[in-house]
Protein chains: 2
Amino acid sequence: MIQIPTQTFKALGDPTRQQILGLLADRELTIAQVAGHFDMTRAGVKKHMKILEEGRLITVTPKGRERLNTLNRDGFDMVSDWVGYFDQFWDDKLNALKALVEEDMK
Amino acid sequence: MIQIPTQTFKALGDPTRQQILGLLADRELTIAQVAGHFDMTRAGVKKHMKILEEGRLITVTPKGRERLNTLNRDGFDMVSDWVGYFDQFWDDKLNALKALVEEDMK
DNA sequence: GACATATGATACCTTTTGGTATCATATTGG
DNA sequence: CCAATATGATACCAAAAGGTATCATATGTC
């Protein structure tokens with residue numbers, strides 16, 4: 001069985017975090033900068049960032065007294081791998097079905 | 001911008017629901033049959049099934065007095081499409097970076 | 001060193017989520 | 001028709017998640 005990126009799926013299943021990822025797609029940002037785009041406190045944003053980090057969707061780089069948050073390919077790649085596994089699964093399903101039908105026609 | 005399958009991600013971000021999908025990968029099952037594999041009541045399983053259905057990961061087919069729950073490609077395809085979008089995004093990022101480096105070397 | 005700023009950490013509150021218990025409804029079989 | 005079975009719906013509870021307020025800590029600037 002393949003490794004399922006549960007933390008990544010959980011992180012992606014929230015509109016606010018999706019918007020944050022959209023912001024970070026443009027450029028890396030500090031938490032304060034991200035919070036500037038929302039009607040939310042820094043502390044609130046921080047919690048979302050932690051979840052995104054746990055899902056390996058962002059990385060944090062200390063730079064002086066601030067921390068730059070950047071998109072991380074890892075989480076995306078993990079979902080990509082999972083999708084690849086299921087594509088294979090559906091193909092097999094179809095092949096199995098096809099074989100069954102052919103068997104039935106004998 | 002692409003359509004993000006939020007409901008699907010939310011449905012996938014839970015270990016119990018992942019296990020249910022695993023069971024349904026083998027064969028279609030009723031809620032009672034699914035509940036037989038867990039230390040949980042039917043009502044509890046039912047809630048998970050509803051979320052899986054909202055994420056378009058399963059479909060429900062009435063058959064007499066029972067309802068058969070079957071895997072649905074739609075949710076998986078939606079995630080697949082989303083992944084495809086991001087693959088493109090990363091490619092563009094790399095190209096942009098490459099162009100920037102080349103510009104810098106002039 | 002003192003002060004401003006950027007962030008982290010904690011306690012606390014409210015809402016959502018995961019789960020149970022219970023009752024109502026629909027279908028099958030005698 | 002009646003009993004058994006499969007399910008749906010609702011009310012309710014505990015735990016987790018989303019969010020704020022507040023305080024502590026680290027870094028840059030004068």
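Naming convention: chains lettered A, B, ... in sequence-line order (proteins, then strands); numbering from 1 in each chain.
- DNA chain D is contacted by both Arg67(A) and Thr41(A); Thr41(A) maps to the nucleotide lying nearer its 5′ end (nearest heavy atom per residue).
- Lys50(B) has its NZ atom 15 Å from the P atom of dG19(C), to the nearest Å.
- Projected onto DNA chain D by closest heavy-atom contact, Arg42(A) and Val60(B) fall at different nucleotides, the more 5' of which corresponds to Val60(B).
- If you take CZ of Phe38(A) and P of dG19(D), they are 10 Å apart, rounded to a whole angstrom.
- Distance CD (Glu66(B)) to C1' (dG8(D)): 15 Å, rounded to an integer number of Å.
- We find that CG of Leu68(B) is positioned 11 Å from P of dG8(D), with the value rounded to whole Å.
- Checked by distance alone, Lys46(B) brings no side-chain donor or acceptor within 3.5 Å of a matching partner on the base of dG8(D).
- Between the C1' atom of dA17(D) and the CE atom of Met49(A) lies a distance of 18 Å, rounded to the nearest Å.
- Considering only heavy atoms from C-beta on, Ile58(B) comes within 4.5 Å of Leu24(B) through its side chain.
- Under the 30°/60° scheme for interplanar angles, the aromatic rings of Phe86(B) and Trp90(B) are found to be tilted.
- Residues Gln19(B) and Val34(B) form no side-chain contact, since every pair of their non-hydrogen atoms from C-beta on lies 4.5 Å or further apart.
- Of the candidate nucleotides dG19(C), dT7(D), dA21(C), dG19(C) has the atom nearest to the side chain of His48(B).
- Listed nucleotides: dT7(D), dG19(C), dA11(C). Nearest to the side chain of Ala32(B): dT7(D).
- Between Ile31(A) atom CD1 and dA6(C) atom P there is a gap of 13 Å when expressed in whole angstrom units.
- In this structure, the side chain of Arg17(B) engages the main chain of Ala11(B) through a donor-acceptor pair within 3.5 Å.
- Counting any heavy atom pair closer than 4.0 Å across all strands shown, Asp39(A) reaches sugar-phosphate atoms only and no base atom.
- Contact check, Thr16(B) against dG18(C): no side-chain N or O comes under 4.0 Å of OP1 or OP2.
- Taking atom CE of Met40(B) as the reference point, atom P of dT17(C) lies 16 Å away to the nearest angstrom.
- Atom pair Asp14(B):CG and dG18(C):P shows a separation of 6 Å (rounding to whole Å applied).
- Looking at the side chain of Arg65(B), the nearest of the listed nucleotides dA6(D), dG19(D), dG18(D) is dA6(D).
- Distances shorter than 4.0 Å separate some side-chain N or O of Arg17(A) from OP1 or OP2 on dG18(D).
- OP1 or OP2 of dT17(C) lies within a sub-4.0 Å distance of a side-chain N or O belonging to Lys10(B).
- Closest of all the heavy-atom pairs between Ala25(A) and Lys93(B) is O-NZ, 2.8 Å.
- Comparing atom distances between the Thr30(B) side chain and each of dG18(D), dT7(D), dG18(C) picks out dT7(D) as nearest.
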